[in-house]
Amino acid sequence: MARRRKKKKLTLFGRLIMDMFLVASLSVAGYSGWMLYSGLKEYSDSSNAYDQVKDVGRKDPVYVEAVEEPLGEDLHTLPEPVIDYEALKNVNPDFLGWIYLPDSMIDYPFVQGEDNEQYLYHLFTGEYNKSGSVFMEAENDPNFNDTLTCLYAHHMRNGTMFADVENYKDPSYYETHKVIQIVTENAAYEMYPLAGMVSNGSVDYVKIDFGSEEEYLSYVDMFYQSSSFRGEETVQPFDKLMLLSTCSYDVVDGRFALLGKLVQVR
């Protein structure tokens, strides 16, 4: 007959170690759950805030089909979003205009802060939130008088803010998204994407003005050489340019910058 093994009893030290391990495991699980809840809540708060901003500032829902045919000189103008500028300035005096890309999540007001940190983690309505805002480079002329104007926004993992900008890495996306609208109280513009570039935070690709035609064309060519697509629009020296800059998860501290030709249509 087999002898029954006696169960070994844990020593006081062993029980202490097991208790500490259990507490640590529960703490990690609790922290992970709290972080997940906080992240989801920030997404929700951001979406709700911008929905409220659209209710205040957008006076018409814009339903425009994606542009599939090559652009002709007489086909540049899309229906312009109707914006209540006074109402939005009452919400935020830093409000400059609205950016809209048909058939995408990009449908936001944009602002300009005293520096490029102010709206990195603050919503249009002023609340702290990691989604941040769409904001113009602090050094840019807010009236789009610079040769190149840059707008920044985060690439949020839930597809909001400028997440759709990185879709231009796929050439087929450009084929159905050839016009981006930028409207202000005094003017309206259309941005025609030219090329996109992946880089990292150490590359200074934002250049507001250029000293010569050669410098200007070399800058545009840098994007062409790095891009997976090439836009149909021709570029002459000192044509106005627009840059949309966001995060890219392809590389460490990655960035994706979309360069476009900016044409005033109003």
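The figures that follow rest on heavy atoms only: side chains count, while hydrogens, waters and symmetry mates do not.
Residues satisfying the ring-ring contact (aromatic ring centres under 6.0 Å, His included) test with Phe229, not counting sequence neighbours, are Tyr168, Tyr174. Take Glu185 and apply the salt bridge (Lys or Arg N to Asp or Glu O under 4.0 Å) test, not counting sequence neighbours, and it matches Lys89. Residues satisfying the ring-ring contact (aromatic ring centres under 6.0 Å, His included) criterion with Phe238, sequence neighbours excluded, are Tyr216. For Asp204, the side chain to side chain contact (heavy atoms under 4.5 Å, CB included) criterion is met by Val206, not counting sequence neighbours. Asp250 pairs by the salt bridge (Lys or Arg N to Asp or Glu O under 4.0 Å) definition with Lys169, not counting sequence neighbours. The ring-ring contact (aromatic ring centres under 6.0 Å, His included) search around Tyr119 returns none, not counting sequence neighbours. Judged as a salt bridge (Lys or Arg N to Asp or Glu O under 4.0 Å), and not counting sequence neighbours, the contacts of Arg266 are Glu80. In this view, Thr125 and Ala49, Val53, Val91, Leu123, Glu127 satisfy the side chain to side chain contact (heavy atoms under 4.5 Å, CB included) rule, not counting sequence neighbours. Evaluation of the ring-ring contact (aromatic ring centres under 6.0 Å, His included) rule for Tyr121 yields His154 as partners, not counting sequence neighbours.
Two residues are said to be in side-chain contact when any heavy atoms from C-beta on lie closer than 4.5 Å; Thr234 and Asp239 fail this criterion. Considering only heavy atoms from C-beta on, Leu262 stays 4.5 Å or farther from Tyr192 through its side chain. Using a 4.5 Å cut-off on side-chain heavy atoms (C-beta onward), Tyr224 and Val235 make contact. The shortest distance between side-chain heavy atoms of Pro109 and Phe135 does not fall below 4.5 Å. Side-chain contact check for Val134 versus Ile99: some heavy-atom pair is nearer than 4.5 Å.
Exactly one of Leu258, Leu259, Val179 qualifies for a side-chain contact (heavy atoms from CB on, under 4.5 Å) with Met191. That residue is Leu258.
Rounding to the nearest 0.5 Å places CG of Asn140 at 10.0 Å from OG1 of Thr147. A distance of 8.0 Å separates OG1 of Thr149 from CD1 of Ile208, quoted to the nearest 0.5 Å. The distance from atom CG of Leu120 to atom OH of Tyr128, rounded to the nearest 0.5 Å, is 8.5 Å. Annotation: the span from Ser47 atom OG to Asn129 atom CG amounts to 9.0 Å, rounded to 0.5 Å. One distance of note links CG of Leu88 with CG of Asp94; it measures 12.5 Å at 0.5 Å rounding. With rounding to the nearest 0.5 Å, the separation of CZ in Phe110 from OH in Tyr152 is 14.0 Å.
Within the structure, the salt bridge (Lys or Arg N to Asp or Glu O under 4.0 Å) test picks out no pair touching residues 108-126 (sequence neighbours left out). For residues 194-203, no pair satisfies salt bridge (Lys or Arg N to Asp or Glu O under 4.0 Å), with sequence neighbours left out. Note on residues 208-226: pairs passing salt bridge (Lys or Arg N to Asp or Glu O under 4.0 Å), not counting sequence neighbours, are Lys207-Glu215.
A donor-acceptor contact closer than 3.5 angstrom is absent between the side chains of Asp253 and Asn200. Remark: the Ser133 side chain and the Tyr50 side chain contain an N/O donor-acceptor pair separated by less than 3.5 Å.
You'll find the ring centres of Phe144 and Tyr189 inside the 6.0 Å limit.
Put simply, the side chain of Gln112 gets close to the backbone of Glu137: a donor and an acceptor are under 3.5 Å apart. Not one N or O on the side chain of Tyr205 forms a donor-acceptor pair closer than 3.5 Å with the backbone of Arg255. A donor-acceptor pair under 3.5 Å is formed between the side chain of Asp170 and the backbone N or O of Ser172. Side chain of Thr246 to backbone of Ala153: a donor-acceptor contact under 3.5 angstrom is found. The backbone N or O of Gly196 lies less than 3.5 Å from a partner atom in the side chain of Ser227, making a donor-acceptor pair.
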From CA spacing to verdict: side chain to side chain contact (heavy atoms under 4.5 Å, CB included), Glu86, Asn90: CA-CA 6 Å; Glu86 184 176 355; Asn90 286 335; 4.2 Å; yes

Chi angles and distances behind the ring pair (Phe, Tyr, Trp, His ring centres under 6.0 Å) call for His155, Phe256: CA-CA 9 Å; His155 174 174; Phe256 182 79; 9.2 Å; no

Stepwise side chain to side chain contact (heavy atoms under 4.5 Å, CB included) test for Phe223 and Leu194: CA-CA 8 Å; Phe223 277 83; Leu194 299 171; over 6 Å; no

Steps toward side chain to side chain contact (heavy atoms under 4.5 Å, CB included) verdict (Val111, Leu96): CA-CA 5 Å; Val111 294; Leu96 292 181; 5.8 Å; no

Side chain to side chain contact (heavy atoms under 4.5 Å, CB included) between Glu232 and Lys178, worked out: CA-CA 9 Å; Glu232 297 166 359; Lys178 295 181 179 179; 2.7 Å; yes

Residues Asn167, Asp164; criterion side-chain hydrogen bond (donor to acceptor under 3.5 Å, both in side chains); working and verdict: CA-CA 5 Å; Asn167 288 338; Asp164 282 332; 3.0 Å; yes

Stepwise side-chain hydrogen bond (donor to acceptor under 3.5 Å, both in side chains) check, Thr184 with Asn186: CA-CA 5 Å; Thr184 69; Asn186 299 316; 5.6 Å; no

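Relative orientation of the Phe95 and Trp98 rings is perpendicular, given thresholds of 30° and 60° on the angle between their planes.
The shortest heavy-atom contact between His177 and Asp103 is NE2-O, 3.2 Å. Nearest heavy atoms, Thr160 versus Tyr108: CB-OH, 3.5 Å. Minimum interatomic distance between Gln181 and Pro81 (heavy atoms only, all atoms of both residues): NE2-CD, 3.7 Å. Minimum interatomic distance between Ser226 and Met197 (heavy atoms only, all atoms of both residues): CB-CG, 3.6 Å. Nearest heavy atoms, Leu217 versus Pro237: CD1-CG, 4.1 Å. Here the shortest heavy-atom pairing between Cys150 and Ser245 reads SG-CB, 4.2 Å.
Cluster membership check: Met105 does not share its hydrophobic cluster with Val183, using side-chain heavy-atom separations under 4.5 Å among Ile, Leu, Val, Met, Phe, Trp and Tyr. Val198 and Tyr249 are members of different hydrophobic clusters when ILVMFWY side chains are connected at heavy-atom separations under 4.5 Å.
A cation-pi arrangement is present between Arg58 and Tyr100, with the terminal nitrogen or guanidinium carbon under 6.0 Å from the aromatic centre and inside a 45° cone about the axis.
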